[in-house]
Protein chains: 2
Amino acid sequence: MDKDRRDQETRLRLLKAAGEIFSKKGFRAATIREICAKAGANVAAVNYHFESKKNLYLAVLNYAHEEALRRYPPELGLPENPSPEDRLTAFVRAMLLRTLGRGKPAWHGRLMARERFEPTGFLDDFIDRAILPRARIIQAIVAELLGPGADDLTIHLCAQSVTGQCRHYVSSRHVIRRISPLISLEEPHLEDLARHIARFSLAGIRAFAAHAEPLQSREPQPEAPTGDFQ
Amino acid sequence: MDKDRRDQETRLRLLKAAGEIFSKKGFRAATIREICAKAGANVAAVNYHFESKKNLYLAVLNYAHEEALRRYPPELGLPENPSPEDRLTAFVRAMLLRTLGRGKPAWHGRLMARERFEPTGFLDDFIDRAILPRARIIQAIVAELLGPGADDLTIHLCAQSVTGQCRHYVSSRHVIRRISPLISLEEPHLEDLARHIARFSLAGIRAFAAHAEPLQSREPQPEAPTGDFQ
DNA sequence: GCCTGTTTGAAACAATTGTTTGAAAACGCT
DNA sequence: AGCGTTTTCAAACAATTGTTTCAAACAGGC
């Protein structure tokens with residue numbers, strides 16, 4: 001059916017254009033007119049194919065998530081029977097590539113980083129669907145490296161230390177480029193960056209490994225979400 | 001002069017209100033009307049005291065920078081003759097407090113984080129003035145921990161690994177609250193968080209220390225490289 | 001060719017936003 | 001009190017933005 005094919009085409013053009021502009025400017029600053037211009041469509045196209053700007057944004061988020069995962073699965077380039085060390089390195093590399101890689105739709109990871117920084121609100125369940133599973137992966141890797149008997153808090157903290165280093169290079173990339181121009185964030189050098197982070201993190205994790213004594217006891221505090229943003 | 005006092009008062013009220021709203025919503029999404037309402041001033045007040053929304057934002061950035069540094073200097077709570085380890089811990093703690101602490105103007109650090117994430121453009125020199133000096137501090141600490149002979153790239157990478165972990169808890173705090181509710185980002189527990197990051201980082205840095213070089217034959221990637229970065 | 005449902009397009013609408021204006025109020029000073 | 005300057009205020013302006021409208025263009029089945 002040619003009807004459907006053409007339909008898909010404009011829908012897809014809108015999705016891609018919107019993704020690029022949303023990731024560059026954020027939800028609010030991106031204008032429908034700019035998106036439509038880039039997609040070669042009419043201003044009314046967005047409200048026709050998606051119902052609103054908000055829905056367009058949601059569609060873009062889902063599209064970006066699927067694409068990013070498809071292109072850079074967390075087990076990218078793993079050998080047979082990988083050690084936890086291998087898996088940690090692969091995880092870091094995939095995350096860097098996903099967020100900084102030059103692969104055409106490089107905006108996927110950036111869009112997610114933006115959403116992470118300032119949740120637009122209408123997508124709590126998206127976090128659960130897209131971000132949480134990946135967090136569980138690195139937590140499992142860390143748990144294995146820590147050895148049996150590691151407490152949950154330590155696992156979570158170490159996992160955040162790993163992802164924090166990776167995410168940093170996305171969310172602060174403008175500043176890093178200026179402060180440490182020695183560090184290249186371009187595709188061929190991301191390998192080296194990944195190796196550094198993996199090595200740094202392995203040493204950090206081992207400092208908390210089971211045989212090392214725990215830092216201190218902390219009562220888990222179940223909530224108090226004061227940070228109501230928007 | 002009562003004239004100046006009153007003048008300062010509204011100017012200051014505007015600065016504080018603007019800081020809170022800018023840090024919460026970003027430059028674009030924040031509206032002058034909302035800022036003025038919060039400050040109890042007229043809509044025209046912004047264009048009278050500052051010339052434009054843009055200038056107000058710049059003034060807020062400067063104010064936030066000064067205040068944050070005044071409240072949490074990077075040597076906060078250091079003992080006499082501090083070891084590099086002490087200084088690393090103090091640096092991490094100050095950064096966390098600055099960005100996550102509840103102390104009244106908690107928006108300072110958040111605003112900077114936002115600026116870091118998406119530079120508004122009209123303030124390259126602000127980065128040099130506010131961010132770069134602090135980066136040099138942690139680089140110096142790392143360099144001392146690495147020992148003599150450490151190459152610049154390693155120093156920069158390790159420094160970014162440290163600050164990356166800290167910044168992560170600001171820029172991803174919404175997600176972290178959901179993924180790892182065990183981790184408390186509230187004031188009394190920031191101490192523990194700082195200690196974790198410091199310990200993790202110390203181990204990470206030591207893995208790159210000059211004398212540790214032979215040890216990492218157990219590493220998957222013997223890592224002569226770092227030279228081929230850039 | 002003709003009809004039906006879908007997609008596109010130019011124009012218009014309603015709401016919001018940064019900024020300006022001009023007069024009133026407040027203030028400092030003699 | 002009187003005067004010149006500074007500050008505040010309500011209203012209005014001009015530009016932008018998301019959304020709607022409605023007619024034209026189009027596709028596909030008969």
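These values consider heavy atoms only, across backbone and side chains, with no hydrogens, waters or symmetry-generated copies. Residue numbering restarts at 1 for every chain, and letters A, B, ... go by the order of the sequence lines.
With a 4.5 Å cut-off on side-chain heavy atoms, B/Cys36 and B/Asn42 do not count as touching. For the pair B/Leu56 and B/Ile35, the minimum side-chain heavy-atom distance is below 4.5 Å. Contact check for A/Ile141 versus A/Val162: no side-chain heavy atoms found under the 4.5 Å cut-off.
Taking CD from A/Gln160 and NE2 from B/His196, the interatomic distance works out to 9.5 Å, rounded to the nearest 0.5 Å.
Summarising the geometry, the separation between NZ on A/Lys54 and C1' on D/dT17 is reported as 17 Å, rounded to the nearest angstrom. Protein atom CG of A/Leu14 is 9 Å distant from nucleotide atom P of C/dT8, rounded to whole Å. Remark: P of C/dG18 and CG of B/Asn55 are 14 Å apart, rounded to the nearest angstrom. Whole-Å rounding puts the A/Ile21 CD1 to D/dG18 C1' distance at 15 Å. Between the CG atom of A/Asn47 and the P atom of C/dA10 there is a distance of 16 Å, given to the nearest Å. Taking atom NZ on B/Lys53 and atom P on D/dT16, their separation rounds to 15 Å, with Å as the unit.
Among the nucleotides D/dT19, C/dT21, D/dT17, the one closest to any side-chain atom of A/Ile32 is D/dT19. In this structure, the nucleotide among D/dT8, D/dG18, C/dT19 sitting nearest to the side chain of B/Tyr48 is D/dT8. Set against D/dG18, C/dT17, C/dG9, the side chain of A/Ala44 has C/dG9 as its closest nucleotide. Counting only heavy atoms from C-beta on, A/His49 has its side chain closest to C/dT8 among C/dG9, C/dT8, C/dT19. Among D/dT8, D/dG18, C/dA10, the nucleotide with an atom closest to any side-chain atom of B/Asn42 is D/dT8. Of the candidate nucleotides C/dA10, C/dG18, D/dT17, D/dT17 has the atom lying nearest to any side-chain atom of A/Arg33.
Between C/dT8 and A/Thr10, a contact under 4.0 Å exists linking OP1 or OP2 to a side-chain N or O. Within the 4.0 Å cut-off from OP1 or OP2 of C/dT17, at least one side-chain nitrogen or oxygen of A/Arg28 is found.
Classification of the A/Phe27-A/Phe22 ring pair by plane angle, with boundaries at 30° and 60°, yields parallel.
A/Ala30 comes within 4.0 angstrom of the backbone, heavy atoms only, and of no base.
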